Amino acid sequence: MNPDPRLHHTAKRIQRGSLGNVIEMFALLGCKVSYRPEGNGWAMIGQEGLNFDIQLIEVDGIPLEGETRRDSQISFVSENPTDHINKVHIWAEEKNLTFIQKSWNEREHYFDLPDLFVDWVVEVMHISVVES
């Protein structure tokens with residue numbers, strides 16, 4: 001059964017000029033571009049098998065600072081959250097980008113790339129948080 005209305009995508013704000021880097025970072029987490037119009041500062045990304053996308057939109061303005069950023073997130077579940085976070089950490093170091101990693105507990109972790117993200121973080125949780 002298909003619900004009506006049906007969820008399609010959500011949008012997240014990124015720093016002006018960072019779209020290529022953000023797409024590259026999401027590729028490390030298994031996402032790929034599903035739509036990217038020529039000459040525009042936005043793109044849609046998603047994962048194979050899921051019918052839901054994230055729209056990344058470059059914006060001007062001052063990024064949100066402090067812990068409030070973690071109140072808005074894109075979340076993943078994984079058998080090995082720290083492996084995925086470490087891949088992004090290494091990538092960020094190679095790109096000379098600020099990388100901040102924190103955890104709520106032993107199963108729920110998140111990272112921030114404040115040079116790229118305006119007001120959100122990426123959470124990577126152990127699959128056990130959604131298992132029955």
Side-chain angles (χ1 to χ4, degrees):
M1 181 172 113
N2 283 330
D4 186 19
R6 181 173 71 237
L7 283 171
H8 183 264
H9 75 276
T10 189
K12 292 293 184 179
R13 299 181 302 166
I14 60 175
Q15 296 292 328
R16 175 88 45 215
S18 69
L19 184 58
N21 277 337
V22 177
I23 289 170
E24 200 174 304
M25 184 277 305
F26 272 110
L28 296 171
L29 298 172
C31 296
K32 63 181 183 176
V33 173
S34 57
Y35 181 70
R36 185 176 183 182
E38 280 295 317
N40 290 309
W42 68 275
M44 304 284 277
I45 61 163
Q47 282 186 318
E48 190 171 323
L50 296 180
N51 194 18
F52 187 82
D53 285 335
I54 301 165
Q55 183 178 17
L56 303 166
I57 305 170
E58 291 183 341
V59 297
D60 293 318
I62 299 170
L64 186 64
E65 292 185 12
E67 294 294 314
T68 306
R69 296 170 63 84
R70 69 184 184 173
D71 293 339
S72 180
Q73 58 202 236
I74 295 171
S75 300
F76 292 84
V77 292
S78 170
E79 291 285 343
N80 300 297
T82 54
D83 289 351
H84 298 291
I85 292 170
N86 288 338
K87 281 184 204 176
V88 175
H89 188 187
I90 291 166
W91 171 85
E93 284 181 338
E94 291 170 355
K95 296 280 189 177
N96 201 27
L97 297 168
T98 302
F99 179 87
I100 300 166
Q101 178 183 348
K102 296 191 178 184
S103 298
W104 281 285
N105 55 51
E106 68 280 348
R107 299 184 309 165
E108 299 170 290
H109 315 279
Y110 67 93
F111 65 86
D112 191 359
L113 292 164
D115 299 328
L116 306 178
F117 309 156
V118 171
D119 55 1
W120 52 279
V121 300
V122 174
E123 180 179 53
V124 187
M125 303 176 293
H126 189 267
I127 192 79
S128 63
V129 300
V130 296
E131 292 176 341
S132 301

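All values below come from the heavy atoms of this structure, side chains included, with hydrogens, waters and symmetry mates left out. Predicted, not measured: the structure shown is a model, and the values here were computed from it.
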Assigning hydrophobic clusters by single linkage (Ile, Leu, Val, Met, Phe, Trp, Tyr; side-chain heavy-atom cutoff under 4.5 Å), is V121 placed with L97? no

Please give me the minimum heavy-atom distance between Q15 and F117, naming the atom from each residue. NE2-O, 4.1 Å

Between V22 and F111, is there shared hydrophobic-cluster membership here, with clusters defined by ILVMFWY side-chain heavy atoms closer than 4.5 Å? yes

With the side chain counted from C-beta on, respond yes when T10 and F52 share a heavy-atom pair under 4.5 Å apart, and no when they do not. yes

For P114 and T98, work out which heavy atoms get closest and say how close. CD-O, 3.6 Å

Taking everything shown except E93 itself, do over 12 heavy atoms lie less than 6.0 Å from its CD? yes

Strictly distance-based, threshold 3.5 Å: is any side-chain N or O of E108 a donor or acceptor partner for the main-chain N or O of S103? no

Salt bridge flag under 4.0 Å for residues E67 and K102: yes

Using the test ring pair (Phe, Tyr, Trp, His ring centres under 6.0 Å), find all partners of W91 that sit at least two apart in sequence or belong to another chain. none

Taking the six-membered ring where the residue is Trp, are the ring centres of Y110 and W120 under 6.0 Å apart? no

Please report the shortest heavy-atom distance between K32 and E48, naming the atom on each side. NZ-OE1, 4.2 Å

Measure the shortest side-chain to side-chain distance between I54 and I74 over non-hydrogen atoms and say whether it is less than 4.5 angstrom. yes

Under the side-chain contact (heavy atoms from CB on, under 4.5 Å) test against L19, which residue among I57, L56, V33, N40 passes? L56

N51 and H8: side chain to side chain contact (heavy atoms under 4.5 Å, CB included), yes or no, with the steps? CA-CA 7 Å; N51 194 18; H8 183 264; 5.7 Å; no

For R36, check side-chain hydrogen bond (donor to acceptor under 3.5 Å, both in side chains) against everything at least two apart and list the hits. none

Side-chain contact, heavy-atom cut-off 4.5 Å: I85 with V88? no

With no hydrogens and no angle check, just 3.5 Å: does a side-chain donor-acceptor pair link S72 and D119? no

Pairwise salt bridge (Lys or Arg N to Asp or Glu O under 4.0 Å) hits with a residue in residues 81-92, at least two apart: none

List the atom of C31, the atom of I45, and the distance in Å for their closest heavy-atom pair. CB-CD1, 4.2 Å

For L7, does the CG atom sit with more than 12 other heavy atoms under 6.0 Å from it, leaving out its own atoms? no

Check whether any side-chain heavy atom of Q55 lies under 4.5 Å from a side-chain heavy atom of H9, and answer yes or no. yes

Between L29 and V122, is there a side-chain heavy-atom distance shorter than 4.5 Å? yes

Are the side chains of H126 and E79 in touch, meaning some heavy atoms are under 4.5 Å apart? yes

A side-chain contact here means heavy atoms from C-beta on lying under 4.5 Å apart; do P81 and M125 qualify? no

Heavy-atom check, side chain of S128 versus side chain of R107, under 4.5 Å: yes

Nearest heavy-atom pair of S18 and E58: which atoms, and what distance? N-OE2, 3.1 Å

Over all atoms of both residues, closest heavy-atom pair of I23 and A43: CD1-CB, 4.0 Å

Counting only heavy atoms not in N86, do more than 12 fall under 6.0 Å of its CG? yes

Any link between L28 and L116 through a network of hydrophobic side chains (Ile, Leu, Val, Met, Phe, Trp, Tyr) touching at under 4.5 Å? yes

Indicate the ring-plane relationship of F99 and H89, choosing parallel, tilted or perpendicular according to the 30° and 60° boundaries. parallel

Any ion pair linking E24 and K95 (charged N to carboxylate O, less than 4.0 Å)? yes

Salt bridge flag under 4.0 Å for residues D112 and R69: yes

Are F26 and V124 joined in one hydrophobic group, where the rule is that I, L, V, M, F, W and Y side chains link up if heavy atoms are under 4.5 Å apart? yes

Can you check whether M44's main-chain N or O pairs, donor with acceptor, with S34's side chain at less than 3.5 Å? yes

Could you walk me through whether V118 and L64 satisfy the side chain to side chain contact (heavy atoms under 4.5 Å, CB included) test, starting with their C-alpha distance in whole Å, then the side-chain angles of each, then the deciding distance to 0.1 Å, before giving a yes or no? CA-CA 6 Å; V118 171; L64 186 64; 5.7 Å; no

